[in-house]
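Comments concern the structure below.
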Amino acid sequence: MAWHTVKRFADAAKPEDLFTGQWQNRTSVLDDYKPHLDDRWNDGITNAWKLWEEIVPLGYKGSYQRVRAYLQKKRTSPRPVTARPPSPRTVSGWILRRPESLTEHEQLQLKTVCTQCPELNALTLHVRSFATMLTDRQGGRLPAWLDAVRQDDLPSLHTPAAGIDRDIDAVIAGLTLPWSSGAVEGHVNRIKMLKRQMFGRAGFQLLRKRVLLA
């Protein structure tokens with residue numbers, strides 16, 4: 001081995017510095033069309049024949065085999081591993097749960113999602129603010145909450161806000177007073193269940209006894 005070859009190996013800072021043969025850095029008829037191929041590849045179009053047919057009208061004069069060889073390198077090159085994004089159902093669960101009930105990892109994931117989507121961040125703040133009003137009976141804060149909702153571009157919240165506005169006094173009372181119609185609704189649900197169980201099986205007299213004695 002000649003001394004200048006040894007010196008070239010010794011002076012190389014990285015393996016790529018040794019790739020200086022006659023076949024390196026040669027121009028190719030495909031060079032001008034590689035950006036187009038890269039964009040289409042990123043769009044999910046990976047069929048070599050289809051991409052070759054696309055660049056021929058653009059002026060490509062080379063062969064199909066050259067296009068296939070270029071795409072083959074993309075197929076065999078390692079791809080970066082990316083984390084799977086959380087599903088909408090999972091994100092909804094994080095928003096609707098109490099913040100203190102979320103694990104540190106879940107809080108970090110929700111923060112990342114909200115950072116990437118300002119609308120979702122605003123939605124999270126409104127939902128948690130309403131939950132605080134509901135659990136702590138702070139109905140007096142409802143008008144301010146409605147004003148804050150209208151100021152954000154959140155059509156999904158504008159519709160329920162308009163419905164609350166039409167009966168705001170009753171909603172404020174429900175968020176403030178200790179009384180609730182929950183017990184009555186429970187009895188109505190029980191009666192409906194009994195009626196469905198006996199549909200087509202017995203008359204009114206037996207249904208009346210079951211309702212009174214159940």
Side-chain angles (χ1 to χ4, degrees), residues 1-128 131 149 151-160:
M1 183 179 296
W3 68 268
H4 51 78
T5 303
V6 176
K7 184 176 185 304
R8 183 165 62 88
F9 276 89
D11 293 342
K14 54 184 181 298
E16 289 76 9
D17 294 341
L18 301 175
F19 300 154
T20 57
Q22 59 175 333
W23 301 106
Q24 300 301 322
N25 301 322
R26 290 187 60 185
T27 60
S28 168
V29 294
L30 190 60
D31 289 345
D32 293 338
Y33 307 94
K34 287 181 180 179
H36 176 84
L37 296 177
D38 293 341
D39 291 340
R40 297 292 284 159
W41 179 274
N42 293 332
D43 291 339
I45 309 301
T46 60
N47 185 278
W49 185 267
K50 179 177 178 59
L51 294 176
W52 174 73
E53 289 181 331
E54 288 185 5
I55 63 177
V56 167
L58 300 179
Y60 175 67
K61 302 298 184 182
S63 64
Y64 157 74
Q65 285 76 13
R66 191 181 296 272
V67 176
R68 185 180 64 178
Y70 177 70
L71 297 179
Q72 184 63 24
K73 293 180 181 179
K74 287 181 170 292
R75 291 190 177 93
T76 57
S77 61
R79 299 182 180 180
V81 179
T82 57
R84 184 177 180 180
S87 66
R89 185 185 184 119
T90 301
V91 176
S92 299
W94 293 340
I95 295 175
L96 295 175
R97 286 162 56 190
R98 292 179 179 270
E100 59 271 16
S101 69
L102 299 177
T103 65
E104 184 177 353
H105 180 63
E106 290 172 338
Q107 293 178 5
L108 181 60
Q109 285 186 298
L110 179 59
K111 183 178 179 180
T112 302
V113 172
C114 291
T115 301
Q116 297 177 358
C117 181
E119 292 80 5
L120 191 60
N121 183 53
L123 177 64
T124 302
L125 295 177
H126 292 315
V127 169
R128 289 182 169 177
V149 167
Q151 292 175 6
D152 289 327
D153 186 18
L154 297 172
S156 59
L157 282 184
H158 291 173
T159 299

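Residue indices begin at 1 and follow the sequence shown. Just so you know, these numbers use all the heavy atoms, side chains as well, and skip hydrogens, waters and symmetry mates.
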Shortest non-hydrogen contact from [X] to [Y]?
X	Y	result
Y33	Y60	OH-N, 3.2 Å
R97	S101	NH2-O, 3.2 Å
R128	W94	NH2-O, 3.4 Å
L37	Y70	CD1-CD2, 3.9 Å
I55	H36	CG2-CD2, 3.5 Å
V67	A48	CG1-O, 4.0 Å

Working to the nearest 0.5 Å, report the span between [atom1] of [X] and [atom2] of [Y].
X	Y	atom1	atom2	result
L125	C114	CG	SG	7.5 Å
D152	H126	CG	NE2	4.0 Å
Q116	N121	CD	CG	12.0 Å
T103	L108	OG1	CG	9.5 Å
L102	I95	CG	CD1	10.0 Å

Counting only N and O atoms by type, is there a donor-acceptor contact under 3.5 Å from the side chain of E119 to the main-chain atoms of D153? no
I'd like to know if the side chain of T159 reaches the main chain of S156, judged simply by a donor and an acceptor atom lying under 3.5 Å from each other, with no hydrogens or angles considered. no
Would you indicate whether K50, at its atom NZ, is surrounded by more than 12 heavy atoms from other residues, nucleotides or ligands within a distance under 6.0 Å? no
[X] versus [Y]: any side-chain heavy-atom pair under 4.5 Å?
X	Y	result
L154	V149	no
L58	E54	no
R75	L71	yes

